[in-house]
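All residue numbers refer to positions in the sequence shown, counting from 1.
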Amino acid sequence: MQQITVDQLATTPGAHVIDVREPDEYRAGHVPGAANIPLAQLGDRLGEIPTGAPVHVVCQSGGRSARASEVLTAAGFAAVDVAGGTASWRAAGHPVDVA
C-alpha cells in the first residue's frame with residue numbers, strides 16, 4: 001500500500017481525496033475538497049470513486065484509511081493512504097472545511 005504524509009497531500013494539486021470517517025466527524029472538519037464515503041459504506045459506493053488517477057484516503061488518525069486503502073487497492077484502484085489523517089492535517093496547520 002502506498003502512503004504519503006499530510007504535507008505531501010497538501011502539495012499534490014488536484015488530488016482526489018476520500019474521507020472515510022462518519023458524517024458527523026466529516027462535518028466537524030475535513031480536508032478541503034474531500035468526498036465523504038464512510039468506511040462502512042465503501043464497498044457499496046465504489047462506483048462513485050473515479051478511476052485512472054490516485055485516490056487519496058484520509059480518516060481521523062490513519063487506521064480506517066489504511067483499511068479503506070487495502071479495500072480500494074484490492075478493487076483495482078490506485079489508493080494512497082494519508083498517514084496521520086485529519087488530526088495530522090490540522091496539527092500541520094493545513095486548512096479544514098467545515099460542513
Exercise: identify the closest heavy-atom pair between [X] and [Y]:
X: Arg90; Y: Ala28; value: NH2-O, 3.0 Å
X: Ala68; Y: Val57; value: CB-CG1, 3.8 Å
X: Val96; Y: Pro32; value: CA-CD, 4.3 Å
X: Ala79; Y: Thr73; value: CB-OG1, 3.7 Å
X: Leu39; Y: Arg67; value: CD2-NH2, 3.6 Å
X: Asp19; Y: Cys59; value: OD1-CA, 4.4 Å

Mark yes or no for whether [X], through its side chain, and [Y], through its backbone, hold a donor-acceptor pair below 3.5 Å.
X: Thr11; Y: Asp7; result: yes
X: Asn36; Y: Arg21; result: yes
X: His30; Y: Tyr26; result: yes
X: Trp89; Y: Val58; result: no

Could you check if a side-chain atom of [X] sits within less than 4.5 angstrom of a side-chain atom of [Y], using non-hydrogen atoms only?
X: Gln8; Y: Val82; result: no
X: Val6; Y: His94; result: yes
X: Ile49; Y: Ile37; result: yes

Q: Using side-chain contact (heavy atoms from CB on, under 4.5 Å) as the criterion, list what pairs up with Val71, not counting sequence neighbours.
A: Leu42

(Q) Could you go through Arg64 and Glu22, starting from their C-alpha distance and side-chain angles, then the distance that decides it, and tell me whether this counts as salt bridge (charged side-chain N to carboxylate O under 4.0 Å, His left out)? (A) CA-CA 11 Å; Arg64 287 176 281 184; Glu22 293 300 312; 5.2 Å; no

Q: Quick one: do Leu72 and Leu46 satisfy side chain to side chain contact (heavy atoms under 4.5 Å, CB included)? Show the steps, please.
A: CA-CA 8 Å; Leu72 290 170; Leu46 292 176; 3.5 Å; yes

Q: Would you tell me whether His56 and Asp81 have side-chain atoms, one donor and one acceptor, within less than 3.5 Å of each other?
A: no

Q: For the pair Glu48 and Arg45, evaluate salt bridge (charged side-chain N to carboxylate O under 4.0 Å, His left out) and give the outcome as yes or no after the intermediate values.
A: CA-CA 6 Å; Glu48 298 175 33; Arg45 296 178 61 184; 2.9 Å; yes

Q: May I ask whether Leu9 and Val80 are part of the same hydrophobic cluster, defined by side-chain heavy atoms of I, L, V, M, F, W, Y residues being less than 4.5 angstrom apart, directly or through others?
A: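 In one cluster: yes.
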
